[in-house]
Amino acid sequence: MAGNIAAGPLSGIRPALPLLAPAYLWLTLAIFLPLSAMAFFSFMTDLPLSGKDWSFTIRNYAAFFSSGLYVTLLWSSLRLGLEVTLWCALIGFPAAYVLAKVLKGRSREAIFLLVILPFWSNGLVRIFSWAMVLREGGILDVVLNAILPFKISVDLMYSYPAVIIGLVHSYVPYMVLTCYLTLQAIDDSLIEAARSLGASRLQVLRRLIIPLAMPGLIAGAVLIFVPVVGSFMEPRILGGRTGTFYGTVIEDQFVAVFNWPLGAALSFILLAVVLVILAAASPVLRRAT
Amino acid sequence: MADVQVESVSRSFGAHKALDDVSIAFPDGGFYALLGPSGSGKTTLLRLIAGFDFPDSGRIIIGREGVERVPVEKRRIGMVFQNYALFPNMSVADNVAFGLSVRGESKASIAREVRQALDLVQLGKLGERRPHQLSGGQRQRVALARAIVTKPRVLLLDEPLSALDKALRVDMQVELKRIQREIGITTIFVTHDQEEALTMSDRIGILRDGRLVEEGPPEDIYNSPKSEFSATFLGDANILRGDATGDGIRLSDGTAIVASGGVANATGGKASCAVRPERIKIATATASPLAAEGNMLRGRVSKRIFAGNSSTYFVDRMGEVIKVHVQNSGATKIEEGNDVVLHWSPESTVLISAA
Ligand SMILES: Nc1ncnc2c1ncn2[C@@H]1O[C@H](COP(=O)(O)OP(=O)(O)O)[C@@H](O)[C@H]1O
Ligand SMILES: [Mg+2]
């Protein structure tokens with residue numbers, strides 16, 4: 001036994017290496033290599049593919065700071081991320097609570113499926129469905145006019161709210177899932193104990209359930225905030241002219257302008273900003289969990 | 001403090017009657033044990049009294065107030081759960097303070113009352129710890145302090161000691177009893193452990209399949225149980241069955257058993273007698289007969305189990321087994337296979353009218 005301990009922690013890892021190897025190989029191929037290639041591109045003047053001359057430069061990074069446009073767009077993307085995350089929490093947490101603590105058996109399974117369904121549908125189909133609902137003369141317009149006694153015109157298409165709606169719909173399942181997992185782990189007897197001590201339902205929620213579910217709320221928020229800040233599909237299709245965000249500009253560099261080096265540099269700046277935000281928030285988040 | 005009356009309470013889950021017309025009066029300041037096998041409805045009854053669940057019919061009265069429709073948070077009860085149910089996101093002191101702070105008491109008075117409650121359960125120094133840093137016995141004490149700090153009218157405990165090991169359980173029994181006396185709170189204690197019920201409570205109610213089979217002070221139930229079920233469930237008992245003779249029974253082979261405990265019964269029907277194993281004296285059949293004590297049976301020792309301070313003999317009599325506990329006083333033991341004579345007094349025999 002003593003010899004084993006003296007051999008140190010490495011002796012525990014070595015037998016596991018053959019098992020870990022495929023995972024690390026996959027990570028190398030799927031993430032590390034493309035990311036390194038992008039990092040490489042971001043310091044180039046031009047793509048080497050077309051046989052043009054190229055050299056190393058930091059001009060792509062300088063471009064971000066030279067024009068106020070990118071900074072403004074990044075701000076609005078961060079705001080978009082924050083708003084979508086908030087809406088997802090406001091909708092996802094109560095939904096997860098009902099799933100975890102109110103519904104039982106069959107009905108829970110059925111509702112769970114409904115909540116998760118957007119996950120399984122194709123993103124483009126999902127967004128174009130929203131386009132059909134939100135546009136003037138679309139489904140929402142027709143239904144509302146059929147119900148309401150007065151005539152209104154609902155045209156949410158190509159607006160900021162449309163982008164929010166589309167993104168919230170796409171990302172709310174993350175919040176439901178992460179909150180569901182933490183809520184389900186809360187023993188019912190804790191809630192009963194709090195009630196037996198005289199706590200109203202609101203007090204139970206505020207002082208017991210939300211603190212205990214905080215890890216799920218935070219995990220969901222991170223999972224949503226990060227991709228939403230860089231999102232481009234929903235802003236482009238549902239936002240139209242108002243849908244110009246940081247993510248759509250990056251997309252333009254890759255698919256329209258073919259300025260890959262600038263697109264790569266903008267992506268890395270976004271990555272850095274998001275990491276800085278998460279690092280700055282982590283002491284607060286850690287205290288909350 | 002207040003007494004609790006449960007009057008003709010029934011509660012069904014689907015077609016299953018978990019409680020069937022149960023009436024119990026829990027005296028003010030008393031320690032009442034609800035005893036019964038698993039699934040007999042103990043937890044269901046406790047949850048109805050607490051207000052987590054509501055009866056289909058019947059009344060529940062705390063003090064003078066009918067509370068059948070009052071939800072738990074308005075009933076002013078204290079509850080201790082089997083798994084303690086301490087809030088993992090709060091320190092020990094905050095756990096205890098929870099009930100006071102949701103009531104909006106001032107910080108100063110909360111701090112004072114929490115300190116008193118923690119001192120009462122002898123955890124004065126552990127207020128800053130988190131629940132996961134405590135041992136099982138300490139968690140139990142925190143749960144108790146949290147339940148009593150709000151000065152509830154009734155203290156309800158659902159098998160609170162069953163998760164502790166034997167030695168700790170005995171300590172906690174003593175401790176719980178001391179605290180209960182000190183604050184004089186009406187206490188309802190659910191257990192399936194008959195020893196726990198006997199040692200701790202002033203009154204015991206025995207539940208079976210959702211019905212109250214018998215209730216009374218522990219000694220009364222132990223010495224003169226009214227049914228075979230309570231005789232065997234509360235302690236150990238030998239049950240002898242035969243025809244009623246008025247003051248006892250006649251066994252199938254004609255032997256008369258005389259009883260002076262229990263109810264007198266009419267002749268003609270079937271009846272049974274209960275005899276505690278420790279009340280029976282055992283002697284080898286060849287030994288000089290002891291002074292006759294009224295009831296006597298013959299048999300053969302089929303098995304003997306040594307348990308330190310006592311031994312248990314299993315005596316076979318015409319296919320039936322009679323258990324006898326003998327204190328280990330140093331007398332020579334009787335070997336398995338020996339013929340023996342059993343005798344005991346009519347006072348040790350409880351007549352039970354046939355179930
Ligand atoms: N919420 C419930 N739904 C359905 N059946 C229940 C429920 N609670 C208790 N029961 C049933 O009622 C009976 C009594 O249960 P319980 O009061 O928990 O017994 P005990 O605490 O004495 O072991 C059991 O048969 C149990 O299955
Ligand atoms: Mg139970």
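Basis for what follows: all heavy atoms, side chains included, without hydrogens, waters or symmetry-related copies. Letters A, B, ... mirror the listed sequences (proteins, then strands); counts begin at 1.
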Enquirer: Going by atom types alone, do B:Gln5 and B:Asp3 pair a side-chain donor with an acceptor below 3.5 Å?
Expert: yes

Enquirer: Take atom CZ of B:Arg47 as the centre, draw a 6.0 Å sphere, and report whether it contains more than 12 heavy atoms from other residues, nucleotides or ligands.
Expert: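 More than 12 within 6.0 Å, yes.
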
Enquirer: Might you point out which heavy atoms bring B:Val121 and B:Arg141 nearest each other, and give the distance in Å?
Expert: O-NH1, 3.1 Å

Enquirer: Should the ring pair A:Trp130 and A:His169 be called parallel, tilted or perpendicular, given that the plane angle runs from 0 to 90° and is split at 30 and 60?
Expert: perpendicular

Enquirer: Please verify the inter-ring angle class for B:Phe31 with B:Phe189; under 30° counts as parallel, over 60° as perpendicular, anything in between as tilted.
Expert: tilted

Enquirer: Is B:Ile77 close to B:Val72 at the side-chain level, that is, under 4.5 Å between some pair of heavy atoms?
Expert: yes

Enquirer: Is there a side-chain contact between B:Leu35 and B:Glu196 in this structure, where contact means two heavy atoms from C-beta onward sitting under 4.5 Å apart?
Expert: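 SC-SC contact between B:Leu35 and B:Glu196 ruled out.
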
Enquirer: Is there a side-chain contact between B:Val4 and B:Tyr32 in this structure, where contact means two heavy atoms from C-beta onward sitting under 4.5 Å apart?
Expert: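 Counting from C-beta outward, B:Val4 and B:Tyr32 never come under 4.5 Å.
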
Enquirer: Go through B:Val174 and B:Arg178 one step at a time and tell me if the side-chain contact (heavy atoms from CB on, under 4.5 Å) criterion holds.
Expert: CA-CA 6 Å; B:Val174 175; B:Arg178 171 184 73 78; 5.6 Å; no

Enquirer: Crowded around A:Arg106 CZ? As in, over 12 foreign heavy atoms under 6.0 Å?
Expert: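 Open: at most 12 neighbouring heavy atoms sit under 6.0 Å from CZ of A:Arg106.
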
Enquirer: Flag the one option from B:Gly78, B:Ala50, B:Ala147, B:Ser101 with the top tally of heavy-atom pairs under 4.5 Å to chain A.
Expert: B:Ser101

Enquirer: Would you kindly say whether B:Ser10 and B:Asp56 are connected by a side-chain donor-acceptor distance under 3.5 Å?
Expert: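 No - no donor-acceptor pair under 3.5 Å links their side chains.
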
Enquirer: Going by atom types only, do B:Glu159 and B:Thr191 share a side-chain donor-acceptor pair under 3.5 Å?
Expert: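 No, no side-chain donor-acceptor pair sits under 3.5 Å.
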
Enquirer: At a heavy-atom separation under 4.5 Å, does B:Arg75 approach chain A through its side chain, its backbone, both, or neither?
Expert: neither

Enquirer: Does A:Val229 form a side-chain contact (heavy atoms from CB on, under 4.5 Å) with A:Phe245? I'd like the steps, not just the answer.
Expert: CA-CA 9 Å; A:Val229 171; A:Phe245 288 93; over 6 Å; no

Enquirer: Using the salt bridge (Lys or Arg N to Asp or Glu O under 4.0 Å) rule, take B:Lys177 and B:Asp202 through it: C-alpha gap first, then chi angles, then the decisive distance, then the call.
Expert: CA-CA 11 Å; B:Lys177 190 72 192 158; B:Asp202 322 322; 3.5 Å; yes

Enquirer: Using a heavy-atom cutoff of under 4.5 Å, enumerate the residues of residues 82-98 of chain B that contact chain A, numbered in order, or state 'none'.
Expert: B:Asn83, B:Ala85, B:Leu86, B:Phe87, B:Pro88, B:Asn89, B:Met90, B:Phe98

Enquirer: In this structure, are over 12 heavy atoms from other groups packed under 6.0 Å from B:Glu128 atom CD?
Expert: no

Enquirer: Do any of residues 76-91 of chain A come closer than 4.5 Å to chain B, heavy atom to heavy atom, and if so which ones, in number order?
Expert: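 Hits under 4.5 Å: none found.
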
Enquirer: Do any of residues 201-208 of chain A have a heavy atom less than 4.5 Å from a heavy atom of chain B, and if so, which, in residue order?
Expert: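 Interface residues of residues 201-208 of chain A: A:Arg201, A:Gln203, A:Arg207, A:Leu208.
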
Enquirer: Nearest 0.5 Å, please: how far is NZ in B:Lys125 from CG in B:Asp119?
Expert: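 So the CG of B:Asp119 and the NZ of B:Lys125 are separated by 8.5 Å.
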
Enquirer: Report yes if some heavy atom in the side chain of B:Val80 is under 4.5 Å from a heavy atom in the side chain of B:Asp158; otherwise report no.
Expert: no

Enquirer: Anything in residues 178-197 of chain A with a heavy-atom distance to chain B below 4.5 Å? Please list those residues in order.
Expert: A:Asp187, A:Ser189, A:Leu190, A:Glu192, A:Ala193, A:Ala194, A:Arg195, A:Ser196, A:Leu197

